[in-house]
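Everything below concerns the one structure shown next.
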Amino acid sequence: MRKVWFVLGALVVASLGMARVKQSAAQEKPKDSQAAAGEYKISPEDVDKKNPVKATPEGLAAARKIYGYDCAMCHGPKGDGKGDIVDSMKLTMHDWREPASLEGKTDGELFYIITKGKGKMMGEGDRVSETVRWNMVSLVRSYSKKDAGE
Ligand code: HEC
C-alpha cells in the first residue's frame, strides 16, 4: 500500500512539473505572435548602417568558427537553411546560396537580426564583438558566391 502512495505522489509531482513547463511556454507566446504579426521593426538608422569591417580571409574564418557553434544547427553549415534542428523546431529558413534570398536586405538589417535575433532565432547580443558580428554579415552573404566555404 505504501508503494502505491509513493507512486501516486511521484505522479502528482511529475504533473505539477509539467504544468509549470506548459505555463512558461504559454507566457512566451505573445512574443512569438508579435513577431508573426509583422511587428518586427528595425529603425531607419539601423537599416542604413554600412558594414564598417572589410571582409578578409581571417575575419571570415573567425566568423565561420562561431557560425559553426551558434548558427549552423539552423542555417546549415553551407547556409542552405537545412540545419539539424530545423525540422524539430518547425522553422522556415532561407537558402542563402540563392542570391535572391538576401537581396532585399541591407547589411544593417542583417547585422541587427544577428545581434537581436528574430522570431525563433536568438541573437548573439554582446556574446561576440561587433567586429565579429559584421564579419558574420559578410559570411552570410558569402554563401551565395561560388567559392563559399572553401
Ligand atoms: C534556432 C535557429 C536559429 C539559429 C541558432 C540562428 N538562426 Fe538566424 N534565423 C533563424 C530563423 C527562423 C530566421 C528567420 C526569422 C524570421 O524572419 O522570422 C533567421 C534569420 C536570420 C537572418 C536574416 C536573413 C534570413 O535568412 O531571414 C540572418 C542574417 C541570420 N538569421 C543569421 C544568423 C546567424 C549569423 C546566426 C548565428 C549567430 C543565426 N542566424 C542563428 C533561425 C536561427
Side-chain angles (χ1 to χ4, degrees), residues 10-11 13-150:
L11 276 175
V13 170
S15 59
L16 279 177
M18 296 280 282
R20 206 166 297 153
V21 170
K22 269 200 198 130
Q23 205 179 20
S24 62
Q27 275 167 357
E28 278 166 24
K29 259 237 171 87
K31 249 201 278 166
D32 262 355
S33 48
Q34 210 180 30
E39 290 186 32
Y40 190 84
K41 288 264 186 313
I42 306 180
S43 75
E45 297 90 84
D46 282 322
V47 171
D48 288 344
K49 269 191 197 159
K50 301 277 176 293
N51 193 337
V53 181
K54 200 170 167 297
T56 60
E58 295 76 28
L60 285 175
R64 193 174 293 121
K65 195 168 160 204
I66 295 165
Y67 180 91
Y69 300 131
D70 288 353
C71 324
M73 70 274 221
C74 291
H75 290 284
K78 297 198 172 88
D80 55 9
K82 297 190 171 65
D84 289 341
I85 65 170
V86 166
D87 285 344
S88 61
M89 277 188 76
K90 299 193 172 65
L91 302 175
T92 311
M93 307 299 296
H94 292 125
D95 183 349
W96 294 336
R97 293 171 312 174
E98 298 292 332
S101 67
L102 296 170
E103 233 163 38
K105 289 200 165 66
T106 67
D107 284 350
E109 283 173 283
L110 300 184
F111 180 79
Y112 186 92
I113 294 171
I114 291 169
T115 305
K116 305 278 182 183
K118 186 176 179 199
K120 291 185 179 159
M121 170 181 158
M122 220 182 81
E124 284 293 75
D126 292 328
R127 277 194 297 171
V128 297
S129 69
E130 275 202 24
T131 305
V132 170
R133 278 177 271 141
W134 280 116
N135 276 323
M136 283 179 153
V137 171
S138 304
L139 177 70
V140 164
R141 290 217 188 271
S142 76
Y143 290 116
S144 67
K145 306 199 172 102
K146 286 229 157 55
D147 56 355
E150 270 147 36

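Values in this document were obtained by computation on a predicted structure and should not be read as measured data.
Put simply, the side chain of Trp134 does not reach to within 4.5 Å of the side chain of Ile114, judged on heavy atoms. Proximity of Asp107 to Arg141: side-chain heavy atoms (C-beta onward) are separated by under 4.5 Å at one or more points. Looking at heavy atoms from C-beta onward, Leu60 lies in side-chain contact with Ser138 at the 4.5 angstrom threshold. A 4.5 Å side-chain heavy-atom check between His94 and Leu102 finds every atom pair outside the cut-off. In this structure, Met136 and Cys71 have side chains that are in contact, with non-hydrogen atoms separated by less than 4.5 Å. Side-chain contact check for His75 versus Met93: some heavy-atom pair is nearer than 4.5 Å.
A distance of 7.0 Å separates NZ in Lys118 from CD1 in Ile42, rounded to the nearest 0.5 Å. Considering CD1 of Ile85 and NZ of Lys120, their distance stands at 10.5 Å, rounded to 0.5 Å. Atom NZ in Lys65 sits 13.5 Å away from atom CG in Asn135 (nearest 0.5 Å). For the atom pair NZ of Lys50 and OG1 of Thr106, the computed distance is 7.5 Å after rounding to the nearest 0.5 Å. Here the CD atom belonging to Glu124 is positioned 11.0 Å from the CZ atom belonging to Phe111, to the nearest 0.5 angstrom. Atom CG of Leu139 sits about 11.5 Å away from atom CG of Leu110, to the nearest 0.5 Å.
A salt bridge links Arg97 with Asp95: at least one charged nitrogen is closer than 4.0 Å to a carboxylate oxygen. Here Asp126 pairs with Arg133 in a salt bridge; the nearest charged N to carboxylate O distance falls below 4.0 Å.
Nearest approach of Gly76 to Asp80, heavy atoms of both residues: CA-OD1, 3.8 Å. Of all heavy-atom pairs spanning Lys78 and Tyr143, the tightest one is O-CD2, 3.2 Å. In plain terms, the two heavy atoms of Arg127 and Gly123 that are nearest each other are NH2-O, 3.8 Å.
No donor-acceptor pair closer than 3.5 Å links the side chain of Tyr67 to the backbone N or O of Ala61. Between the side chain of Lys54 and the backbone N or O of Pro52 there is no donor-acceptor pair closer than 3.5 Å.
Shown here is Lys82, whose NZ atom has more than 12 heavy atoms of other residues, nucleotides or ligands within 6.0 Å.
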